[in-house]
Amino acid sequence: MMTERMLVAAVQMNSGEMLGENLSLARQLVKEASEKGAQLVVLPEYFYLMGKTDEARLSLGEPFGDGPIQRFLSDLARENGIWLQCGTVPLSGPDKQHVFNSCLTFNPEGECVGRYDKIHLFGFQDSKDTYQESDTLSAGDVVTTLITPFGRLRPSICYDLRFPELFRTAPAPELITVPAAFTHTTGLAHWEVLLRARAIENQCYVIAAAQTGWHPNGRQTFGHSMIIDPWGKVLSVLPEGNGVVIAELDPSVLAEIRQKLPALQHRRLDKH
């Protein structure tokens, strides 16, 4: 478990179709968060590219452990002396038509210390929009827990938020991260309530880093990056626009909540 108070940050971005511009914006915002004292910074899903089509990301697929986006992230963590969670990067999949949507975590030395491949792939259709991530993404199948100075960290990605069993898998995390590109339609209805539910039922902190605004594909993402405490209280939120949200993780708050209401110990069904 975390043993001391620490500042963490979620980066919110309006990523577009130019890789270089997106990386430049990410560098600027991560530096801003670091200068404000954040020791862990989380980027949003697809921080590197929100192009005109989902297929645009396929050409950027990299083998795990090497590639320009991964080198950029490693350098960014090392230059700022922070723990950095990349949002997502496209890692080579089983064929040229698919990549893994992968959340990588880098330590302050720039070493990649964790990989999580998005398990749940988004599908949605209404009268205006159709989304089918499985057309270009391969699904992961491994739940990841990272041991960090911030406690046991459970990475997740966007649509994973709707599947509480991912977060109930042992060991119980002290911190959940949710890099996302939530649609405006679903975000308006469900984003905050799902995030607060995951914090409350797991009695842990949640860091949610989101895409925001309109993108070259004509789609709108919801924004509202936020950090939530184990009681479900929103500590910091940015409704719209590029920027960062910062809050403090306090181990005494987490310990007090788990002691007063030991719901995690009271579980009777599927404790494993």
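Residue Asn202 holds its CG atom at 9.5 Å from OG1 of Thr169, rounded to the nearest 0.5 Å. Atom NZ of Lys118 is separated from atom CG of Asp160 by 6.5 Å, given to the nearest 0.5 angstrom. To the nearest 0.5 Å, the span separating CD on Glu79 from CG on Leu84 amounts to 11.0 Å. Atom CG of Asp66 is separated from atom CD of Glu62 by 7.5 Å, given to the nearest 0.5 angstrom. Within the model, atoms CD1 of Ile119 and OG1 of Thr144 stand 7.0 Å from one another, a figure rounded to the nearest 0.5 Å. Once rounded to the nearest 0.5 Å, the distance linking CZ of Phe72 with CG of Asn22 reads 9.5 Å.
In this structure, Leu264 and Ala172 approach most closely via the heavy-atom pair CD1-CB, 4.2 Å. Heavy atoms only, all atoms of each residue included: Gln85 and Pro155 are closest at NE2-CB, 4.1 Å. Of all the heavy atoms in Pro108 and Trp83, the pair that sits closest is CD-NE1, 3.4 Å. A pairwise comparison of heavy atoms in Phe182 and Cys158 identifies CD1-SG, 3.6 Å as the closest pair. Closest approach of Ile207 to Ala10, counting heavy atoms only: CG2-CB, 3.8 Å. Of all heavy-atom pairs spanning Cys103 and Pro179, the tightest one is SG-CG, 4.3 Å.
By the side chain to side chain contact (heavy atoms under 4.5 Å, CB included) test, Ala38 pairs with Ala9, Ala33, Val41, sequence neighbours left out. Residues forming a side chain to side chain contact (heavy atoms under 4.5 Å, CB included) with His98 (at least two apart in sequence, or on another chain): Pro94, Asp95, Ser138.
Between Pro44 and Val11, the closest side-chain pair of non-hydrogen atoms falls below 4.5 Å. Annotation: side chain of Leu238 is not in contact with side chain of Val244 (no heavy-atom distance under 4.5 Å). The closest side-chain heavy-atom distance from Tyr205 to Val8 is not below 4.5 Å. For the pair Phe64 and Cys112, the minimum side-chain heavy-atom distance is below 4.5 Å. Contact annotation: the side chain of Gln28 never approaches that of Asn242 to less than 4.5 Å [non-hydrogen atoms, C-beta and beyond]. Counting heavy atoms from C-beta outward, Leu194 and Val178 have side chains that stay 4.5 Å or more apart. In this structure the side chain of Leu175 reaches within 4.5 angstrom of the side chain of Leu40, judged on heavy atoms. Met13 places a side-chain heavy atom less than 4.5 Å from the side chain of Leu43.
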Could you walk me through whether Val99 and Thr136 pass the side chain to side chain contact (heavy atoms under 4.5 Å, CB included) test, one step at a time?
-> CA-CA 7 Å; Val99 292; Thr136 56; 5.9 Å; no

Could you walk me through whether Val30 and Ile82 pass the side chain to side chain contact (heavy atoms under 4.5 Å, CB included) test, one step at a time?
-> CA-CA 9 Å; Val30 168; Ile82 58 168; 3.6 Å; yes

Test log, rule side chain to side chain contact (heavy atoms under 4.5 Å, CB included), inputs Asp54 and Arg57 = CA-CA 6 Å; Asp54 292 343; Arg57 301 188 191 103; 3.6 Å; yes

Show the numbers, then the answer: is there a side chain to side chain contact (heavy atoms under 4.5 Å, CB included) between Leu29 and Phe47?
-> CA-CA 11 Å; Leu29 294 174; Phe47 82 95; over 6 Å; no

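By the rule that hydrophobic residues join a cluster once side-chain heavy atoms approach within less than 4.5 Å of another member, Met50 and Leu91 end up as members of one cluster. Side-chain heavy atoms closer than 4.5 Å link hydrophobic residues (I, L, V, M, F, W, Y) into clusters, and following such links, even through other members, never connects Val206 to Met2. Note on Leu166: it clusters hydrophobically with Ile157, by side-chain heavy-atom contacts below 4.5 Å among ILVMFWY residues. Under the 4.5 Å side-chain heavy-atom criterion for grouping Ile, Leu, Val, Met, Phe, Trp and Tyr, Leu188 is connected to Leu161 within one hydrophobic cluster. A single hydrophobic cluster is not seen to contain both Val234 and Trp231; linkage of ILVMFWY side chains at heavy-atom distances under 4.5 Å, directly or through other members, places them apart.
A donor-acceptor pair under 3.5 Å is absent between the side-chain atoms of Ser34 and the main chain of Gln39, judged by distance alone. A donor-acceptor pair under 3.5 Å links the side-chain atoms of Arg154 to the main chain of Pro171, judged by distance alone. Between the side chain of Glu201 and the backbone N or O of Ala263 there is no donor-acceptor pair closer than 3.5 Å. In this structure, Glu17 contributes its side chain and Lys52 its backbone to no donor-acceptor pair below 3.5 Å. A donor-acceptor pair is defined here as one N or O able to donate and one able to accept, closer than 3.5 Å; no such pair exists between the side chain of Asp250 and the backbone of Arg5. With His215 contributing its side chain and Ser15 its backbone, the two residues share a donor-acceptor pair below 3.5 Å. The main-chain N or O of Gly241 is never found under 3.5 Å from a side-chain atom of Asn14 such that the two would form a donor-acceptor pair. Here the side chain of Glu133 pairs a donor or acceptor atom with the backbone of Phe122 at under 3.5 angstrom. Under the 3.5 Å distance criterion, the side-chain polar atoms of Arg219 are left unmatched by any main-chain donor or acceptor of Thr183. Side-chain atoms of Thr88 do not come within 3.5 Å of backbone N or O of Glu45 as any donor-acceptor pair.
Under the salt bridge (charged side-chain N to carboxylate O under 4.0 Å, His left out) criterion, no residue pair touches residues 224-243, with sequence neighbours excluded.
Side-chain polar atoms of Ser225 and Gln12 form a donor-acceptor pair below 3.5 angstrom. Asp117 and Ser102 share a side-chain donor-acceptor pair at under 3.5 Å. Asn101 and Tyr159 form no side-chain donor-acceptor contact under 3.5 Å, judged by distance and modelled atom types alone.
By the 30° and 60° cut-offs, the orientation of the rings of His184 relative to Phe222 is perpendicular. Ring orientation note: the planes of Tyr48 and Tyr46 are nearly perpendicular, at an angle over 60° on the 30°/60° scale.
The side-chain hydrogen bond (donor to acceptor under 3.5 Å, both in side chains) with Glu256 is formed by just one residue from the set Lys260, Gln259, Arg258; it is Lys260.
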